[in-house]
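This report concerns only the one structure given below.
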Amino acid sequence: DTAVSQTPKYLVTQMGNDKSIKCEQNLGHDTMYWYKQDSKKFLKIMFSYNNKELIINETVPNRFSPKSPDKAHLNLHINSLELGDSAVYFCASSPTGGALSEKLFFGSGTQLSVL
Amino acid sequence: AQKITQTQPGMFVQEKEAVTLDCTYDTSDQSYGLFWYKQPSSGEMIFLIYQGSYDEQNATEGRYSLNFQKARKSANLVISASQLGDSAMYFCAMREGLTGGGNKLTFGTGTQLKVEL
């Protein structure tokens with residue numbers, strides 16, 4: 001059983017389109033995250049949700065809108081896709097989000113290519 | 001300012017040798033956590049090892065150990081007896097508290113390790 005699963009694994013789309021990436025975790029964790037990994041492999045946090053409540057919202061264009069219907073799911077919707085949005089997007093979860101010792105459990109990533 | 005600095009973009013090591021991957025960090029907090037993750041070419045992020053800022057002993061997990069020098073703000077990863085399967089990108093990360101509550105895990109830029117025969 002995959003602990004953190006995200007779909008799709010690959011997403012190729014045209015500039016200007018709207019797309020969504022879905023994430024689900026079956027670990028019973030309270031906190032979920034979206035990270036973006038750029039072409040230089042740099043990983044940067046975008047959003048964090050704790051029990052469906054947004055707790056971290058980094059400087060991300062408002063074309064990116066996360067949605068958490070329940071604590072096991074955190075989806076990422078992107079409007080009006082731009083070339084610079086091409087990256088690998090990772091979903092992750094952690095038990096509470098409150099302890100400094102908590103490791104993140106990552107999904108396998110979604111490779112987004114905007115043409 | 002960079003929170004996490006990994007100065008070695010690429011490293012080579014011979015199979016069965018030990019290798020040290022450098023990581024320095026910047027924080028004014030007394031409480032923080034330090035992590036290392038491995039990302040093989042297949043892309044998944046694999047947790048390797050954790051060190052808490054108050055831990056007096058250096059963390060070890062099998063062939064991985066963390067050389068924690070708090071005064072120098074360094075948290076170097078040591079891999080002993082390197083194997084071909086250790087070839088991957090390695091990320092150092094720090095979790096620290098945020099003003100107003102909560103905390104955040106911030107990553108360094110990574111070191112690409114290649115293990116050679």
Side-chain angles (χ1 to χ4, degrees), chain A residues 2-6 8-11 23 25 27 29-51 53-60 87-113, chain B residues 2-6 8-10 23 25 27 29-55 59 61 64 66 68 75 88-113:
Chain A
T2 304
V4 182
S5 58
Q6 51 182 112
K9 188 164 176 61
Y10 300 98
L11 188 50
C23 180
Q25 53 95 4
L27 297 167
H29 288 170
D30 287 343
T31 304
M32 296 184 73
Y33 310 80
W34 278 110
Y35 276 81
K36 177 181 179 181
Q37 186 173 41
D38 64 22
S39 58
K40 294 183 178 176
K41 301 288 190 181
F42 184 59
L43 267 160
K44 190 171 184 340
I45 191 168
M46 300 173 70
F47 303 104
S48 170
Y49 270 74
N50 180 270
N51 263 317
E53 183 184 340
L54 180 67
I55 54 172
I56 293 177
N57 185 354
E58 292 290 287
T59 310
V60 176
V88 179
Y89 292 84
F90 282 98
C91 177
S93 72
S94 68
T96 69
L100 293 173
S101 59
E102 278 186 11
K103 67 182 183 185
L104 263 56
F105 293 75
F106 282 87
S108 55
T110 295
Q111 172 83 59
L112 172 64
S113 299
Chain B
Q2 289 281 359
K3 285 281 186 179
I4 300 284
T5 302
Q6 295 181 252
Q8 307 152 312
C23 173
Y25 58 91
T27 182
D29 288 359
Q30 295 301 308
S31 297
Y32 49 90
L34 297 158
F35 300 78
W36 279 90
Y37 280 82
K38 171 185 178 181
Q39 187 178 39
S41 58
S42 50
E44 71 269 31
M45 294 290 290
I46 302 166
F47 166 76
L48 295 178
I49 196 167
Y50 162 79
Q51 178 87 40
S53 59
Y54 290 116
D55 294 342
E61 290 282 352
Y64 304 109
L66 202 152
F68 180 46
M89 190 75 151
Y90 288 80
F91 291 97
C92 180
M94 177 173 64
R95 190 189 272 274
E96 59 180 340
L98 298 170
T99 306
N103 57 68
K104 184 169 78 168
L105 188 66
T106 302
F107 286 83
T109 50
T111 295
Q112 183 72 50
L113 176 67

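To find a chain, count down the sequence lines: A is the first, B the second, and so on, and within it residues start at 1.
- Heavy atoms only, all atoms of each residue included: Leu100(A) and Arg95(B) are closest at O-CD, 3.3 Å.
- The part of Phe47(B) that comes within reach of chain A is its side chain, from C-beta onward, which places non-hydrogen atoms under 4.5 angstrom from that chain.
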> Passes side chain to side chain contact (heavy atoms under 4.5 Å, CB included), Ile56(A) versus Lys104(B)? Steps please.
Replying inline: CA-CA 8 Å; Ile56(A) 293 177; Lys104(B) 184 169 78 168; 4.1 Å; yes
>> Set out, in order, the CA-CA distance, both residues' side-chain angles and the distance that settles side chain to side chain contact (heavy atoms under 4.5 Å, CB included) for Gln51(B) and Ser101(A), then state yes or no.
In response: CA-CA 8 Å; Gln51(B) 178 87 40; Ser101(A) 59; over 6 Å; no
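- Annotation for Lys103(A) and Phe35(B): closest pair CA-CE2, 3.6 Å, computed over non-hydrogen atoms.
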> Between Gln37(A) and Gln39(B), does a side chain to side chain contact (heavy atoms under 4.5 Å, CB included) hold up when you go through it step by step?
Replying inline: CA-CA 12 Å; Gln37(A) 186 173 41; Gln39(B) 187 178 39; 2.9 Å; yes
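- Put simply, of Ser94(A), Gly97(A), Gly109(A), the one with the most heavy-atom pairs under 4.5 Å next to chain B is Gly97(A).
- Remark: Thr109(B) OG1 to Lys41(A) NZ distance equals 13.0 Å, nearest 0.5 Å.
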>> Determine whether Phe106(A) and Tyr37(B) satisfy the following criterion, ring-ring contact (aromatic ring centres under 6.0 Å, His included), listing intermediate values before the conclusion.
In response: CA-CA 10 Å; Phe106(A) 282 87; Tyr37(B) 280 82; 5.5 Å; yes
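- Most heavy-atom pairs under 4.5 Å with chain A: of the set Leu34(B), Leu105(B), Ile46(B), this distinction falls to Leu105(B).
- Across every non-hydrogen atom of Met45(B) and Leu43(A), the tightest pair is CE-CD1, 3.3 Å.
- Screening Phe90(A), Tyr35(A), Phe42(A) for a ring-ring contact (aromatic ring centres under 6.0 Å, His included) involving Phe107(B) leaves a single residue, Tyr35(A).
- Residue-environment remark: CD (Glu58(A)) exceeds the threshold of 12 foreign heavy atoms within 6.0 Å.
- Contact of Ala99(A) with chain B is made through the backbone alone, with heavy-atom distances under 4.5 Å.
- Heavy-atom distances place no part of Thr31(A) under 4.5 Å from chain B, backbone and side chain included.
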